[in-house]
Structure formats: structure tokens, C-alpha cells
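Beneath this line is the structure, given in C-alpha cells, with notes to follow.
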Amino acid sequence: MDEQTVRHVAKLARLKLSDAEIARFAGEMSAITGYIAQLAKADVAHVEATVHPVADRNLWRADEVQPSFKREEAAANAPESEQSFFKVPPVIE
Amino acid sequence: MEELLNIDATEAARLVRERETTAEALTALVLEHAGKTEPRVGAYLRLDVDGALEQARAVDAGKVSGPLAGVPVAIKDNIHVKGQPTTCASRILQGFTAPYDATVVQRLRQAGAVIVGKTNLDEFAMGSSCENSALQQTHNPWDVSRVPGGSSGGSAACVAARSAFISLGSDTGGSIRLPASFCGLVGYKPSYGRVSRYGVVAFASSLDQIGPFTRTVRDAALSLKVMAGRDPMDSTTPEREVPDYPALLKDHLKGKRVGVVRSYLDEMPNREVAGAVQRAIDHMQALGASIVDVELPHAEYGIAVYYVVASAEASSNLSRFDGVRYGLRKPADNLLGMYEQSRGEGFGSEVKRRIMLGTYALSAGHYEEFYGRAGKVRTLIKRDFDSAFEKCDLIAGPCAPFPAFKAGEKSDPLSMYLCDVFTIPASLAGLCALSLPVGFDAAGLPIGMHLQAAAYDDAGLLSAAHALEGVLKPEVDRVPAIA
């Protein structure tokens, strides 16, 4: 995996990486994806993918309003909040 | 009083129940002992001395009762305990206080357990040695120059050091079983869905399970009985009956068929591990089990599948750490910059590596080659187990390729990933599995056996482990010198 790919993926993942990290990750991720490439040897013709290990179905709660956190509680961990809104840097100029 | 540190949780609960000791005395003893061992072990990120004593006094006052009443328990710091920080051993959760108890914590409290503190882990449970913690290093109580295993290293180390009777860990690819084998404990990964994950910080949702570290199998059975079952807050917990696991433990293996993958033992470079596991298999036969050869031909792809699936799920789960609702925020003049700076500075190397790998595996042009194919090979691994469990009730083998290694020994990420070669396939297939202490190597390091059973045969698995534990007791009943 080259450094250009690492930069592209870091952008998709919203991660700021230093130049040193980019160089290191290029090497390490090449080794890891090289190892993963052995999956190509497995015969997966006509095999469905498993995304959930047990056949049980998800059991959803009824879509009903339940008691929940107060707004102040939900916002209590925010790095910046105002009147229990989450505050973020400007999104539009 | 000191000798109480070496009894198991079941016995400790009995002593409290029958008023032979008090919850407060027991809790104070454990806290005082932790004060002595912690400078050398470093298992806890935080001990809640006042809170623990208060919970213990509530038990003594008869306000709380239950099967774990008065038993000091530690919680991995990726599981919420209301009013306390949850750090995931990461800088990115700086300043975060959990606004609610995880379901498992709620159920432990209802059973009377005393929550004494939060334990160290590899950051976001990603690692096999506990060295990826951004906050502190945890040392193996059997040899402090060695790692406790990971990711639930703190939870393993505190129970081994006698600084808690039970601890909770989370296991995504071996994060309970590997440290249990390195620290000489029973480490239990329940069947997928058996225990609610509500209130555990998600890593890989199709794999994560919460389970206990204990010093005996009956303690694991009791912990599971307390924690298991349907929780409306976790849609993967089915409406299945929770058996009375402790009552179902037997002391023989008559009629049980134990499957062994011969090549795992024959080709194992560490002959001491292979020897200890083989002796345990011989004991199983003497207890009445029949031993049958089984094959898991696709298990060799387990690590490759795991690092695609777990990383892909992690890259999605960890997108919530963006500096908006909680945790670290690095200022920037626009929103995108704030996300990138906060995440870039907040996450450690291994977490970034996995997010990158997962993002890559899910990205346009690579999805089918990585994520799509890994899911299909996962099916093949699962089918191997389905066929194996037609021939046997349990699969026995080594839990790890070697005993605990030295801190700093595995600096290359890929060589660290290979530690989990024996534990990952069970996670991919949703099985229940455990590590059981079966011996020590010449250096005095514990060796663990891996026992696996079909999904939701937790009762059968625990019963078999209990029977084996009974005959191994004289060989494995040791306490680390540090404790």
C-alpha cells in the first residue's frame, strides 16, 4: 500500500496523520493486507457471507417513547455546549 | 483473614451469607491487598474505595442480597459504571463520565456484587498484551517483566493478584481467553448474544461478548447465571431460557465426546504448552470422555477474516468519537479539521491502524475483495464447526501458542495478531469458549487449555471444564508470589 493510498484512506476515516505515521502505516498496512490476501486461496464459490454469527433474529423494542436522559444529562459530557446544544465550529462560511 | 483472599467467589458469598464474615470486612481486605499489589501490577485504572465500602455496608445492612452479595468485583474500563469515567484506556475519552450502568453492571449490583474499580485494557480493547493502553502498563502477576495478555489485561491481572474475586472483560477475538491463559485463570466467553452488551463501548458488534475472569469454573457459572439473558436494550439477546449453570456442573465426562485437532498439538513449537494440554486431554478421557479427531480446515484463515471483519466494524463503531458529544476536542477553524485533529490526536497507533484497515476494506474498489470475501470465508469457518460438532460435544486444544511473553517483545503488529490464532475462530462462529488453567511451564508461567462448545451449549461447556478442573486442582492450585 503506497503513501498516496494511506492519505486517501485517512481522509475517508477523518484521521489526521503525521508524515511519519503515513510512512509507517504504508509499510505496516502492506504487510497486513499481504497477509489477508491469503483469503484468495479459499474456494468461496456459491457461499453466502456471514454477517451475524448466530441465526437468531434481532429482537427490536416496540417503537414507543420511553423515559430517557434529560437534555442536560445528554450534553453533560460535551466538550462544548450551550443551552444543552452541542457546539461545533462553523460548517458554512 | 488473609487466607480469605485465596478462596473463590462462591465461597466468599457463602461466608457473607452465613455471617461468618461481613461484606465490609471482605471488601476492606481486598482494597488493602490491592494497595500492596497495585504498585507492581498496575491492573486498576481507578479503585473506588469509598463507593465500594458503601456498597458493602448496604449488603451488611440487608438492603441488597443475592448470589454475589458482598463479593468484590472489578470491571474492564470499556464497560459503563454510572458516575465513573469510562476511558477505554484512550486519550480520546478524556473527561467522559458514564451516565448509566451497563446491563451487566446493573445485574451484578442486583446480585449484591461490590464494584471495586475499573481495570486497564488495550485501547478500545484492540490488542493481545495490554501494552496498547494509552494510560498505564499492566504487569503479569506471575512475572512482572511479562505482559498479562490482552485486551482485558487489567481484569486478568487483578483476579490473579487476588485484588478482586471476579472481574469482567470483553472478548472480541480472544480478549478474555488469552489473558486468562497468561494469568492462570478461568476466562469465559459466552455464546454470542447470551450476555447483553448494552453499556459496553462497541468494538466489533458481530463478535463482542462480555464475560467473567474467575479463579474457579463454578464462579464463572455463577457469574454467567447472574448476567445472562434477554435485555430489551441489546437486540442480539434472544428470549432463551437461562439455565441454572452452577446447578448443572458435574464431576465426570461420561458420554461426552471431546474433539481434538491433532495438528494443533503435533505442530506446536512450544512443547511445554502442547504437553500440558495433552495431559489435560488424557485426564478428560480418564473422566469418561471419548476422544475423537476433528478437522477445522478453514480455521487457518481465522486471523485474516478477523482483521477484516473486526476492523471494518470498528471503523464504523469508532466514528462516533469525533469531538462533538464527548471526549477530547482539538480546536480547528472548521468542522472537518476539528474531526481530523481530535481523532488524530485522541486515538493511539493500534486504533488508528485498525480504523485505517477497516476503512480500506470497506472502501470503493476494495469492498468485495476484502469485506465481501472475508464474510464468505467466515461462513466456511462456521460450517467447519457445524460438522465438527456432529462428531463431538466439545473441542479441546491450546488457548495460546505460548505462555505470557516479555513486555516489548512483540513490536510488529502482525506478530501480535498471531497470538489469537486459537481463539479467533470461536468468535467468528459465535461459539461459547473458555480458557482453563491446566499447568505451568518450567519458568512457572501458567498454561491455559481452550475448550469450545456449540453456540448456547454454555451449560455443557462449563460442566466439562468443572469436571476437568476437579482432577487438575493439585497440579494448578498455585498463587503468584506477588499476591
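Letters go in sequence order (proteins before strands), and every chain restarts at 1.
Heavy atoms of A/Thr5 lying under 4.5 Å from chain B belong exclusively to its side chain. Proximity to chain A is absent for every atom of B/Ala361, based on heavy atoms less than 4.5 angstrom apart. When heavy atoms are compared at a cutoff of 4.5 Å, B/Val305 approaches chain A by way of both its backbone and its side chain. For B/Thr237, the part lying near chain A is the backbone, with the side chain staying farther off; criterion is any non-hydrogen pair under 4.5 Å. Looking at B/Met356, the atoms closer than 4.5 Å to chain A (heavy atoms on both sides) sit in the backbone and in the side chain alike. With a 4.5 angstrom heavy-atom cutoff, B/Pro99 touches chain A via backbone and side-chain atoms both. Of the two parts of B/Leu414, only the side chain, counted from C-beta on, holds a non-hydrogen atom closer than 4.5 Å to a non-hydrogen atom of chain A. Interface remark: A/Glu28 contributes side-chain atoms only to the contact with chain B (heavy atom separation under 4.5 Å).
For B/Arg373 (side chain) and A/Ala42 (main-chain N/O), a donor-acceptor pair under 3.5 Å exists by modelled atom type. Distance alone, capped at 3.5 Å, places no donor-acceptor pair between the B/Arg329 side chain and the A/Ala78 backbone. Looking only at distances, no side-chain donor or acceptor of A/Arg14 sits under 3.5 Å from a matching main-chain atom of B/Tyr339. The closest donor-acceptor contact from the side chain of B/Arg343 to the backbone of A/Leu15 lies at 3.5 Å or more, if one exists at all. With B/Thr379 contributing its side chain and A/Thr50 its backbone, the two residues share a donor-acceptor pair below 3.5 Å. Side-chain N or O atoms of B/Lys382 include one that pairs as donor or acceptor with a backbone N or O of A/Pro53 at under 3.5 Å.
Residues of residues 91-98 of chain B lying under 4.5 angstrom from chain A, judged on non-hydrogen atoms, are B/Gly95, B/Phe96, B/Thr97 in numerical order.
Classification of the B/Tyr192-A/His52 ring pair by plane angle, with boundaries at 30° and 60°, yields perpendicular.
The two residues B/Gly372 and A/Ala49 have their closest heavy-atom pair at O-CB, 4.4 Å.
Each of B/Lys352, B/Lys330, B/Glu340 was scored for a side chain to side chain contact (heavy atoms under 4.5 Å, CB included) with A/Lys16, with one residue passing: B/Glu340.
For B/Glu295, the CD atom sits in a loose shell: 12 or fewer heavy atoms of surrounding residues, nucleotides or ligands are nearer than 6.0 Å.
Among B/Val377, B/Leu207, B/Asp322, the residue making the largest number of heavy-atom pairs under 4.5 Å with chain A is B/Val377.
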### Query
What do the steps show when you test B/Glu369 against A/Leu39 for side chain to side chain contact (heavy atoms under 4.5 Å, CB included), and what is the final call?
CA-CA 9 Å; B/Glu369 177 193 357; A/Leu39 293 179; over 6 Å; no
